[in-house]
Amino acid sequence: MKRRCAKIEYFWHIFFPNRCLFCEKPIAGDEVFCPHCEKEQPLLPAVCNRCLKPVGACTCTVPVFSVFRYEEGAETAVHAMKFTGDCVAAQKLAQLMAGRLFELFNFHFPFDRIVPVPMHKKDKKDRGFSQSEWLAKALSKQISVPCIADALKKVRRTKKQHTLSAQERMKNLTGAFAVKYPERIRGQRILLVDDVFTTGATAYETAGVLIRAGASSVTVIVAAKTTFTGNNGL
Ligand SMILES: [Zn+2]
């Protein structure tokens with residue numbers, strides 16, 4: 001059995017060599033980036049993306065942390081995960097998100113549970129997976145905090161956020177999410193996981209739902225944050 005697994009792995013690597021997360025060039029071993037992209041990562045500073053203060057000084061009700069600016073390579077990586085179902089990209093992004101959390105919290109994570117931002121079940125069925133769930137589950141393993149993958153549910157389908165203005169985005173999502181198991185959320189410090197943060201409409205709506213269900217705190221972590229140029233009114 002062992003031998004057969006090794007054989008499969010051997011052929012797997014021939015046909016599917018490891019690729020750079022950003023430029024998708026084949027790379028050696030289990031590296032995340034090629035040497036060029038390793039140097040050119042569009043990293044955001046390790047501060048709350050709302051108040052731009054470090055963890056100790058941030059007093060935001062819902063702090064938001066991210067790893068990358070959503071541009072070039074980071075966009076390629078998120079697209080690979082989201083639109084072509086590249087679960088290796090998801091694993092690598094989760095690994096980088098975990099690294100950001102270690103950097104921010106120095107191993108003392110103020111979280112009891114990890115919760116992904118959910119998709120509507122019809123959308124998840126159409127896509128075949130939920131990228132936020134992939135990230136949340138992989139992150140859970142990386143930082144050893146349990147994940148409740150179905151803690152939140154999307155109770156109605158909504159228009160695509162990217163087609164809307166900032167204010168329309170908030171309105172579009174109002175009442176779209178609910179907590180499935182309030183007893184598992186009450187009193188818990190939640191790390192809410194999503195792939196991309198744009199205006200924050202999705203993150204704040206879901207964070208609000210968790211807080212109203214009794215979560216003692218909600219912190220958001222995303223792989224990448226866009227530079228939203230409109231007035232987001234937040
Ligand atoms: Zn590269």
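Start at 1 and go down the list; that is how both ligands and their atoms are numbered. All values below were derived from every heavy atom in this structure, side-chain atoms included, with hydrogens, water molecules and symmetry-related copies excluded. Since we're looking at a predicted model, the values are computed, not measured.
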| More than 12 heavy atoms of other groups within 6.0 Å of D126 CG | yes
| request: Write out all pairs satisfying side-chain hydrogen bond (donor to acceptor under 3.5 Å, both in side chains) with one or both partners inside residues 207-224, taking only residues at least two apart or from two chains. | output: none
| With a cut-off of 2.8 Å, how many protein N, O or S atoms neighbour the Zn ion (ligand 1)? | 4
| task | Verify whether the ring centers belonging to F111 and F105 lie closer than 6.0 Å. | result | yes
| query | Looking at residues at least two apart in the chain, or sitting in another chain, which of them share a ring pair (Phe, Tyr, Trp, His ring centres under 6.0 Å) with H79? | reply | F83
| Quick one: side-chain contact (heavy atoms from CB on, under 4.5 Å) partners of D112, sequence neighbours excluded? | Q188, R189
| request: Run the salt-bridge test on E168 and K171 with the 4.0 Å N-O cut-off and return the result as yes or no. | output: no
